[in-house]
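Just below is one structure, and these are the notes that go with it.
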Amino acid sequence: MDVFTVFSIIGTIAFAVSGAIVAMEEEYDILGVYVLGLVTAFGGGVVRNLLIGIPVTTLWSQGLLLKTAVVAMTIAFILPVGWIQQWRKSEAFFDAIGLAAFAIQGALYATGKHPLSAVIVAAMLTGIGGGMIRDVLAGRKPLVLRDEIYAVWAMIAGAVVGLGWFKTPLELLTLFCVVVAFRMMSVHFKWRLPRRSLKYALAQSVHQDDHSIAADNNMQRGERQ
């Protein structure tokens with residue numbers, strides 16, 4: 001079993017279970033659990049394949065990964081609630097595992113066939129695409145767009161693989177551990193990308209306008225008196 005397959009299996013299990021648990025949190029039926037789990041596990045790869053010109057139908061040749069995802073989701077569905085609660089406490093960790101595994105897998109998919117920019121995009125989309133589709137289908141704000149630094153680690157992993165800095169299985173395993181570690185550090189220390197909240201700014205502006213109008217009205221009343 002090569003390193004590419006290993007990372008594919010790790011990412012598939014982590015994201016399939018993640019999608020299944022989100023579906024159960026949203027009270028979906030068992031069909032919804034399987035659909036959301038499969039979308040989470042394979043959605044990023046499908047989007048990646050579309051962008052780098054790989055036939056989407058290659059998904060159906062991944063029998064091992066499809067079976068792995070189904071088994072993982074079935075286990076998640078029948079687990080006792082207490083075990084699921086324990087999973088939720090470690091959700092960020094398993095999500096980091098899926099992110100790192102799929103980012104490296106996506107980069108390996110594109111390396112040698114496409115330029116560095118395409119390798120980085122492939123790594124990012126493979127790492128975050130399934131999670132974004134999962135959150136949209138579950139009616140949630142996508143984690144990657146609002147949480148601590150997330151997609152950046154996938155892009156960095158894609159860059160170093162595309163540049164050829166990590167090639168051997170041991171080096172790729174080291175990169176995997178580094179991405180997981182930095183993702184967990186960003187969760188622990190709440191590292192965030194710069195953001196600008198127009199919602200807060202607009203609310204402040206409206207409040208100031210209301211205050212100014214009230215002050216003008218009071219002044220006019222004083223002048224009349």
Side-chain angles (χ1 to χ4, degrees), residues 7-77 84 87-88 91-110 118-155 157-158 179-180 183 186-187 193:
F7 283 121
S8 297
I9 292 174
I10 293 173
T12 298
I13 293 173
F15 277 176
V17 174
S18 171
I21 290 179
V22 168
M24 287 186 283
E25 289 175 346
E26 298 296 329
E27 300 183 350
Y28 289 9
D29 60 20
I30 188 170
L31 178 61
V33 169
Y34 282 114
V35 168
L36 206 59
L38 289 172
V39 165
T40 307
F42 297 100
V46 170
V47 175
R48 174 204 64 211
N49 290 352
L50 285 171
L51 290 180
I52 64 177
I54 297 176
V56 178
T57 52
T58 56
L59 171 66
W60 308 119
S61 65
Q62 299 175 335
L64 174 62
L65 296 180
L66 287 168
K67 293 175 183 176
T68 301
V70 170
V71 170
M73 289 182 293
T74 302
I75 293 173
F77 187 78
I84 294 178
W87 167 279
R88 291 183 63 191
E91 183 178 3
F93 175 68
F94 288 103
D95 192 68
I97 291 175
L99 172 72
F102 270 171
I104 295 173
Q105 183 238 47
L108 291 173
Y109 227 104
V119 175
I120 295 173
V121 171
M124 180 185 68
L125 289 177
T126 311
I128 71 172
M132 289 187 67
I133 298 172
R134 172 201 65 200
D135 291 339
V136 170
L137 291 179
R140 302 180 175 185
K141 292 181 180 179
L143 177 72
V144 65
L145 301 180
R146 61 180 171 83
D147 200 17
E148 297 82 8
I149 297 176
Y150 191 88
V152 172
W153 305 127
M155 296 172 67
V179 173
V180 172
R183 167 58 187 158
S186 67
V187 172
L193 294 173

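Predicted, not measured: the structure shown is a model, and the values here were computed from it.
- Shown here are the side chain to side chain contact (heavy atoms under 4.5 Å, CB included) partners of Ile133, two or more places apart in sequence or in another chain: Val39, Val47, Leu137.
- The two residues Ile120 and Gly158 have their closest heavy-atom pair at CG1-C, 4.2 Å.
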Show me the donor-acceptor pairs within less than 3.5 Å that the side chains of residues 66-77 make with the rest of the protein, sequence neighbours left out.
{"unit_1": "Thr68", "atom_1": "OG1", "unit_2": "Leu64", "atom_2": "O", "d": "2.7"}
{"unit_1": "Thr74", "atom_1": "OG1", "unit_2": "Tyr34", "atom_2": "OH", "d": "2.7"}
{"unit_1": "Thr74", "atom_1": "OG1", "unit_2": "Val70", "atom_2": "O", "d": "2.7"}

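- The line from CD1 of Ile10 to CZ of Phe102 is 10.0 Å long, rounded to the nearest 0.5 Å.
- A distance of 12.0 Å separates CE in Met24 from CD in Glu26, rounded to the nearest 0.5 Å.
- With sequence neighbours left out, Thr40 forms a side chain to side chain donor-acceptor pair (under 3.5 Å) with no residue at all.
- Listed by chain and number, the residues in a side chain to side chain contact (heavy atoms under 4.5 Å, CB included) with Ile128 are Leu99, Met124, Met132, Val144, Tyr150, Ala151 (sequence neighbours excluded).
- Two residues are said to be in side-chain contact when any heavy atoms from C-beta on lie closer than 4.5 Å; Tyr28 and Leu36 meet this criterion.
- In terms of the side chain to side chain donor-acceptor pair (under 3.5 Å) criterion, residue partners of Arg134 (sequence neighbours excluded) are, by chain and number, Ser18.
- Listed by chain and number, the residues in a side chain to side chain contact (heavy atoms under 4.5 Å, CB included) with Ala110 are Ile52, His114, Val119, Ala122 (sequence neighbours excluded).
- Closest non-hydrogen pair, Ala41 versus Phe15, comes out as CA-CB, 3.9 Å.
- Residue Phe93 comes nearest to Val180 through the heavy atom pair CE1-CG1, 4.0 Å, listed as atom of the first residue, atom of the second, then distance.
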